[in-house]
Amino acid sequence: MQKPTFQKPTTSSWKIKMSSQVTYLSTRGGSSNFSFEDAVLKGLASDGGLFIPSEIPQFPENWVEEWKNKSFSEVAFEIMSLYVPREEIPADALKDIINRSYSTFRHPETTPIRNLKNGLDVLELFHGPTFAFKDVALQFLGNLFEFFLTRKNGDKPLEQRDHLTVVGATSGDTGSAAIYGLRGKKDVSVFILFPKGRVSPIQEAQMTSVLDKNVHNIIVDGVFDDCQDIVKQVFGDVEFNKKHHIGAVNSINWARILSQITYYVYAYLLTVKAGKADHVRFVVPTGNFGDILAGYYAKRMGVPADKLVIATNENDILNRFFKSGRYEKVDSSIAPANSSASAKETYSPAMDILVSSNFERYLWYLALTCEAPNHTHAEASDILAKWMSEFKQNGSVAVRPEVLETARRDFISERVSNDETIASIKNIYETEQYVVDPHTAVGIETGLRCLKSSPGITYICLSTAHPAKFDNAVNLALSSFSGYDFNSQVLPTEFHGLMDAECRSIAFGKPNIERLEQLIETALDEEKK
Ligand SMILES: *Cc1c(COP(=O)(O)O)cnc(C)c1O
């Protein structure tokens, strides 16, 4: 079989000259020249756009030779140093934040690679405190919040200190990773809302068994969207927000994307050391496009992956975009694009989205390359803002064929159905004696399809969660195998006893904004005592 030739990933117009310092701007224009600290603490720009760096820095020459024996944390330091000006965070402080963030991971390689017999490589991202890839970002974000706040506050007395109140809704993974990232952090409180009876028992226990004073679990009678709705209302309450500095930890925060770049680079370096890096592709189970967007930055910085592979479940807005060039909420071949719909419930719930919030950042780069006559940021932001407003109005926006063609140079995509997900978990167990979670299974099924159509390439499939977190799907797939036993084969020792641990949560009842704000104020007062 002939090996495909490797093409250099960047076209010249995409390459932005390295200047001395990165600043941040909003994808929708309006605001520019934000510091890294602004971008991280604000989360979302005031014009509704997302923060992006003013340029994409390039790796230094000889980076592979120089970095290939570095640890995960050392690689993280090299990458983040390119995006975080030293004036904002001195080198020693940044090193310390990074080291503390990744010392909580259980594996000596932090994110190790496992080689499967079927030819695929699996990048295991689940060795952090909550057994999900979101730990990579949220361990870092928690320490970063604490660093900025304690620096601002110095040794001011309690009543004069700036305090950040993080409020978020979760259907599982984000909540537990956020709680573990923020527990016990100075000058930060965290309130996580989740729907009663709709989060897996293990995920619920992971959240409610954290007893730190600054952690508040709020159980709502309703569904995830009810939780999300009242959280949005809290963010929209200008006065309340001003008084309590409401912060977000969702996947649009730039620091989350930044920290995730590390494992793409580190995985590439591991592959070089294993002597098989001449042609790599990353396969990424994708929902909000935060994970794979970090891969895009890694590629633009110089990781020689010719393609990034999007793996979606039945919530396939991205797969449809890469097939048709139309970004639309609802599949218009099935129902009107602007009809109301909610995400399908699948076996991979962390990817159950209608719209991929981070895709806006990639669309901005597409606008810059293809639609901005002078390649200026302002032109790109104007076009992006138009696309987003059309999307908001009609539930759909289409790009020109040339734009889609450019996008296809970076990405390919596959959709994996619910049945195929379960079959994939079964198949991997049978052939590899390896138990994977349903999100990872979506990725591996995608990887196998790619291996078949384009062999001779090293496919690195990202494993985004430990299988014990999704016991329903895993047991559904595997319980018919004789000798299979969840408790002894899948459940990590760290989870033993979790269901009986002491726990703390607030039964909130029906969603209601006034009562939520009241609750937050009372809890914040209590914390100060
Ligand atoms: C969040 C999550 C994903 C999706 O990541 P995005 O950044 O939203 O694309 C995939 N798998 C698991 C287990 C997750 O928790």
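When a ligand or atom number is given, it counts from 1 through the structure's own listing order. The shown structure was predicted, so the numbers you read here are calculated from the model rather than taken from an experiment.
At a 4.0 Å cut-off, not a single heavy atom of Phe126 sits close enough to ligand 1 to count as contact.
Checked by atom type, the side-chain pair Ser101/Asn143 shows a donor-acceptor distance below 3.5 Å. Side-chain atoms of Asn475 and Tyr484 include a donor-acceptor pair closer than 3.5 Å.
With a 4.0 Å cut-off on non-hydrogen atoms, Phe133 touches ligand 1 through its side chain and not its backbone.
Considering only non-hydrogen protein atoms, atom 11 (N) of ligand 1 sits nearest to Thr464 OG1, 2.8 Å. In this structure, the protein non-hydrogen atom closest to atom 4 (C) of ligand 1 is Gly287 N, 3.7 Å. Looking only at heavy atoms of the protein, atom 1 (C) of ligand 1 is closest to Lys134 NZ, 1.4 Å. At the shortest separation from atom 6 (P) of ligand 1 among protein heavy atoms lies Asn288 N, 3.5 Å.
Every atom of ligand 1 is numbered from 1 in the order shown, and the set under 4.0 Å from a heavy atom of Gly290 is 6 (P), 7 (O), 9 (O). The contact set between ligand 1 and Phe289, taken as ligand atoms under 4.0 Å from a residue heavy atom, comprises 6 (P), 8 (O), 9 (O). Applying the 4.0 Å criterion to heavy atoms of Ala465 picks out, from ligand 1, the atoms 13 (C).
Not one N or O on the side chain of Asn253 forms a donor-acceptor pair closer than 3.5 Å with the backbone of Gly43. Proximity of a side-chain donor or acceptor of Arg361 to a complementary backbone N or O of Gly290 within less than 3.5 Å is not detected. One N or O on the side chain of Asn313 and one on the backbone of Ser348 form a donor-acceptor pair closer than 3.5 Å.
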Derivation and outcome, salt bridge (Lys or Arg N to Asp or Glu O under 4.0 Å), residues Arg281 and Asp306: CA-CA 7 Å; Arg281 287 181 179 177; Asp306 72 327; 3.0 Å; yes
Trace of the side-chain hydrogen bond (donor to acceptor under 3.5 Å, both in side chains) decision for Tyr365 with Asp410: CA-CA 12 Å; Tyr365 290 104; Asp410 293 320; over 6 Å; no
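The shortest N or O to N or O distance between Thr286 and ligand 1 is not below 3.5 Å. Taking distance alone, with nitrogen or oxygen atoms compared against 3.5 Å, Ala350 stays at or beyond that limit from ligand 1. In terms of N/O distances under 3.5 Å, ligand 1 is approached by Asp291. When only interatomic distances are considered, the shortest N/O to N/O separation between Asp173 and ligand 1 falls below 3.5 Å.
The pair Glu432-Arg114 does not count as a salt bridge, with every side-chain nitrogen at least 4.0 angstrom from each carboxylate oxygen.
Two rings, from Phe411 and Phe289, have their centers less than 6.0 Å apart.
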